Each structure stands twice: as C-alpha cells, then as structure tokens.
There are 2 protein chains.
Amino acid sequence: MTATAEEPRAQQEPQEPQGNPRKRRAILDAAGTVFLRDGFTRAGIDAIAAEAKVSKQTVYNHFGDKERLFMAMTDDVQDRTVAHVMELMDRDFPDPSKLAGPEDLRAALLQLAGEWIRVVYTGPLVALRKLVDAESEHHPYLQQRWFTNGPSRTMPRLNRLLSALARAGLLDVPAEVLDVPDLLAYQLTAMAGSAVRRIEPGADFEAEFQRRVAQGVDFFLRAYAPR
Amino acid sequence: MTATAEEPRAQQEPQEPQGNPRKRRAILDAAGTVFLRDGFTRAGIDAIAAEAKVSKQTVYNHFGDKERLFMAMTDDVQDRTVAHVMELMDRDFPDPSKLAGPEDLRAALLQLAGEWIRVVYTGPLVALRKLVDAESEHHPYLQQRWFTNGPSRTMPRLNRLLSALARAGLLDVPAEVLDVPDLLAYQLTAMAGSAVRRIEPGADFEAEFQRRVAQGVDFFLRAYAPR
DNA sequence: AATCTCTTGGACTGTTGAGTCTAAAAATAT
DNA sequence: ATATTTTTAGACTCAACAGTCCAAGAGATT
C-alpha cells in the first residue's frame, strides 16, 4: 500500500481495527511487558515487536505510533482490571441483611477492602499507574483518561455498596460525607492503599499487607461504626 | 547537597572533586528545573548546563554522571523541604494547653494539616516524587533514599505532636494506633493528601484544596475526637 | 488461479543524547 | 609571579531509537 503524497491521510480518522486480531493481542501483551519493564521512553518498538514475535512494521500497521500503542495498552490493562474488580464485588458483596453483628461487618470490610487493594495497589497496575503519572506531564490527557477508564467506573460501585451498609444502619455516616461522590469509598481504600504502597522491600509482604489493610479498616470503623 | 555534607547518606559516594560552590548551586537549581520539566530520561545534560550557564564539562566535573546529578538534586530539594516543614511545625505547633474546645482543636488541625499538605502534596515536590517513583523501577535504592531523607525525618515530628494532643486528652486514640510508628501522622495526612492530588485541572484549586483537607481532618476527628 | 490484504525482515534516515577529549583561558592558591 | 585547579567551547564517538520504505511472501477470498 503506497500512501504517498497522492493520498492525503484522512485527518480525524476514528479507529481502524485493521489486521489479525491475534497479532493485535500479542502486541498489546508485549507492550504491557516491555513498557512496564522499561518505562515509556526507554521502551523500544523493536523490543516490543520482538517480544510479540511480530515484525516492527506490523506494530506500526496496528497502532500507528508509540504513543497510541501506549494508550491502547493502558486501556486494555485497565479494562481487564475493571472487569476483575467488578467480578470481585459481585462475588463478595456483603449483604447487609446477613451481617449479624459488628464482627461480621468488620470481617466483610476486611475481605472487601483487602481484595480491592490487592488488585488496585499491588501488582502490575501500580507500575502502570506510575508510568501514566510520569508521562502525564507530557501528555496531560493521559491522567484524565486514566480516571475515566478506571476509578470513575469502579469507585461508584464500591461507594454504592458502602452507602447501602449505611442505609441499613450498619454504618453511621453523616450526610455531608454521603453527599460527596465516592468520598466514602476513598475513605475506606485510600489510606490502606497508600500504606500498602509503603511496604518496604524485604519485609514479609503478606503479613504486612494484612496488617495495614486492617489498620485502614479499623480507622474507618472507628469513624463510622455506630456506638 | 546542602549544609549537611557528612550526614547519614544511604550510600557512600566517593567525594567528587569540589569545584566552585556557586557553580554547583547553579547546576543543582538548573537540574531541578530541567529534570522536573522534562523527566529523567528526556532531560539532557546539555539543557541543564545551558540553564545553569555553565559548560557541559563542568557538570561532569561536579557530579560525575546523570544519575548522580539526579540524586544530588533530589537530596537537595528534599533537604530544603524538610527544613521548611520543620520550620512550619515550630511556628504553628498547637499548644495543647491553649486549645479551649473542640472548635479550637479542629481549627488547629486544619491549619497544621493544610500547611503540611500544601508543602508536601502540591508544587514541585509532587512532580519530583513522580520522577523518583518512575525511576525507582530502574534504580530501586532511590525509593529507599527518598523515605530516608524525607518522610522518615518529618513524620515522627508530626506524630509526636499528635501524640501530645492524645496525651492531653484532646484526642482519644487507642493504644494499638499509638504503638505503630508514625501511623497517627499518616492517618491525618494520607487521605487528604491523596484527595488533593486528585483535584482536576481547571477546578478552583484553592477552594477544592480547602474542602478536601477539611474532609480529611473531619474524618480524622470523627475517629478520634473524644465523645 | 487470481486478487487483495496483511506480514515480514531488513535496510535506511535522521535525530538525540551520554559521555570523552583537548587546548586554551580564567580563576585561585602559594 | 608561578603553579594548580577549574572552567570553557566545541568537536567527537558511539549507541539507541522512532519512523519509513521496499520487495518478497504468506493467507485468505472470490
């Protein structure tokens, strides 16, 4: 295909899912591996092509340039993560009517917050978040995109769940808090999350993880458990 | 580096051939400007030399290579920030005996947390933190160094202050919390801090800042205000 | 079989940037 | 004044890397 000066590329062309979807998948996976390993600037298209066992030109056929490849990879990882988190919540949604006492409530929050934080604040998603954060100085829309595709889809869900506990009388949350979108969900996860990120390498991660999540949940309960 | 030359540094470095301290200062400032503007990989030594109005070779005479220059700049910014925060706390330390009622306490915490978060979670320090975070995948000791030179110097101070309020009966903090180093200080600052970082560009920053700090402080007080 | 699209590998361009080298000039010390 | 250290400008090496071009081939579709 000779797209020389004769054929002016159509400007705002939305998106063409051209090419073999299996190659596309392989490239996205490889991009995840290499970008997360090397960072945006250091990562080379050649390395990604090699990792995907695909020729360099194929990468360009599918994704146009490095920046769009990065965005496609980010969207992909976030979509999978959001799906994972939603599934978690479907499975472990604590039914307010089934929680007998305060200990049940604490156990349910520990379970839910623990799973949430494990997915969102450990593993590859944290590294990807760092990358987006670092690049956001140069591509400001990345930050926006991250929130739109990620937290803004999952946080309302968690918030609705916690609000239900409040409505059921299991949590005593003031109206000012309930009125702020997603605030309650952030209050449950933010502190434990940032604490988990501070776990020192070399420490017993699993034990430290449990301890810090519990500290976060207990702080949350101390504020909102009815007494 | 600043006044504290022989302080506990994470790793020992062969003393570089000292040159003119004013050049050194100029290079550090320029490195701050350029690294924070362009990121580690994108930043060029030539650009830094130009910004410092110094020849490239002089940069190498003083700092050896890019990585060590980056570390020296990071240490420098952190040292200044720590000094700033310490000064803030000397000035606005709320004397427990002078706090008449709950409203006084809330006002004092708002002031203290607000100033703290303004210094630590806005401005150049946040950008620098992002850089360190991004580079920490490739230079793991950077993360360690950041905590050693920064938070591990300031957080105990804030924590001592809050513990004093607890001892004076103005806060009702359980022993499990008081026993964990710096936990109380993180509980006051972490949530408001991460909320401030999520302020959308285009919003009225100052108003949003005050609102979110207040939400954090009220969360904290709801957990620990005696009732 | 003929056609159309996608893929391949490799060569090629142009740029950028880290780090070195050098010889001369400036500053500093003795 | 002389010796030592530091600075300077610029040329230079070497490597990496984004993105392009091309000609041959693999795969499907008709």
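Below, all heavy atoms of this structure are taken into account, side chains as well, without hydrogens, waters or symmetry copies. On a predicted model such as this, the values are computed, not experimentally measured, just so you know. Order of the sequence lines sets the chain letters (A, B, ...), proteins ahead of strands, with each chain counted from 1.
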Residues B/Asp133 and A/Arg197 bridged, charged N to O under 4.0 Å: yes

Ion pair check, B/Glu208 and B/Arg198, cut-off under 4.0 Å: no

Value in whole Å for how far the P atom of C/dC6 lies from CD1 of A/Ile27: 13 Å

d(CD1, A/Ile48; C1', C/dG9) in whole Å: 18 Å

Presence of B/His62 side-chain N/O under 4.0 Å of D/dT7 phosphate oxygens OP1/OP2: yes

Value in whole Å for how far the C1' atom of C/dC6 lies from CZ of A/Arg22: 14 Å

Dot-bracket pairing map - DNA chain D, Watson-Crick plus G-U, both contacts under 3.5 Å, | cross-strand: ||||||||||||||||||||||||||||.|

Between D/dC21 (P) and A/Asn61 (CG): distance, integer Å: 13 Å

C/dT8 OP1/OP2 closer than 4.0 Å to side-chain N/O of A/Lys23: yes

Sugar-phosphate or base contact per nucleotide [nucleotides 18-27 of chain C; S, B, -; heavy atom under 4.0 Å]: SBBB------

Interatomic distance, A/Lys53 NZ vs C/dC6 P [rounded to whole Å]: 24 Å

Heavy atoms from other residues, nucleotides or ligands near CZ of A/Arg91 exceed 12 (cutoff 6.0 Å): yes

Under 4.0 angstrom between B/Ser55 side-chain N/O and D/dT7 OP1 or OP2: no

